[in-house]
Amino acid sequence: MLIDAHCHLDFPDFAADREAVIERARAAGVARFVVPATTRARWGEVLALGRRDDVDICLGLHPYFMDEHAAGDVEALGQALDDYPGAVAVGECGIDARFEETLDAQWRLFDAQLRLARSRRLPVVIHCVRANDQVAKRLRQLDLPAGGLIHAFAGSPQQARKFLDLGFRVGLGGAVTFDRARRLRRAVESLPDDGYVLESDSPDMPLAGHRGERNEPARVAEVCRSVARLRGQNEERVAADSTATARRLFGLGGG
């Protein structure tokens, strides 16, 4: 069994055929889904999905949507985490350095969510684009007891090791299927067996050969095959290792 450790099944992209998408995933061996929130306006959709036995949810405020966040959202997030103890992590939160004009606000929002995660001893799901070293430095300063996930990791073996040493795991998705991602592929080869989880980031992060298409959780099976080839392991081993790591990271039960 595979777990898609990061997918946005709440997005409108799946509104017309969400059940068919989930069934395709099941047919491909993906039987459980971790769905992180992105904005306060989407928490309701995420929480509704969390009522399913095969979906686990995270609550957070994503740095890509800074123009959709408002004063009071962090306080509301803290209240939502208290009201819904079933959330398995705080996130998706983090830093996207492509957007320099909002970086200061991103860091303030990120720090606030890291403090929420620390106070509640929850893992944190981090969106980290062009900011691996800076984010690692901040995580080292805070010392988060439950660690978390560096979603869509695209860094070097050395950067991966920094995150692992801080108690984090890295998320591997569609980027590993591209031949040109040589630095990332070296990182994948270097990871310990318990150092990663598999994810789709659907509907985003399409795989090689699927550019321009809506991504789906079913394609985690293709990510698994790519990771297995890079690591010189069979798919069953990679599936078992990634699933076990996702369960430990998010405190998921069996089934």
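Note that the structure is a prediction, hence the values are computed from the model and not measured. Numbers for residues simply follow the sequence, beginning at 1.
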With a sphere of 6.0 Å drawn around CZ of Phe65, does it hold more than 12 non-hydrogen atoms of other residues, nucleotides or ligands?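 Buried by this count: over 12 neighbours within 6.0 Å.
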Should we say atom CG of Asp53 is surrounded by more than 12 heavy atoms from elsewhere, each under 6.0 Å from it?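 Not more than 12 within 6.0 Å, no.
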Side-chain contact test, heavy atoms from C-beta onward, threshold under 4.5 Å: evaluate it for [X] versus [Y] and give yes or no.
{"X": "Ile95", "Y": "Pro63", "result": "no"}
{"X": "Arg24", "Y": "Asp17", "result": "yes"}
{"X": "Asp4", "Y": "Ser202", "result": "yes"}
{"X": "Ile22", "Y": "Phe33", "result": "yes"}
{"X": "Arg237", "Y": "Asp193", "result": "yes"}
{"X": "Arg247", "Y": "Ile3", "result": "yes"}

Summary of side-chain hydrogen bond (donor to acceptor under 3.5 Å, both in side chains) pairs that have at least one residue in residues 65-76, sequence neighbours excluded: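 Listed by first then second residue: Arg40-Asp73.
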Below 30° counts as parallel, above 60° as perpendicular, anything between as tilted: where do the rings of His8 and Phe11 land?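 Ring orientation, 0 to 90° scale: parallel.
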- request: Fit a plane to each ring of His151 and His127, take the angle between them on a 0 to 90° scale, and name the class: parallel (under 30°), tilted (30 to 60°) or perpendicular (over 60°).
  value: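 Plane angle between 30° and 60°, so tilted.
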By side-chain hydrogen bond (donor to acceptor under 3.5 Å, both in side chains), which residues pair with Arg161, not counting sequence neighbours?
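Partners of Arg161 by the side-chain hydrogen bond (donor to acceptor under 3.5 Å, both in side chains) criterion, ordered by chain and then number, come out as Asp165.
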Establish, yes or no, whether the cationic atom of Arg18 lies under 6.0 Å from the six-membered ring centre of Phe14 and within 45° of the ring axis.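 No, a cation-pi geometry is absent between Arg18 and Phe14.
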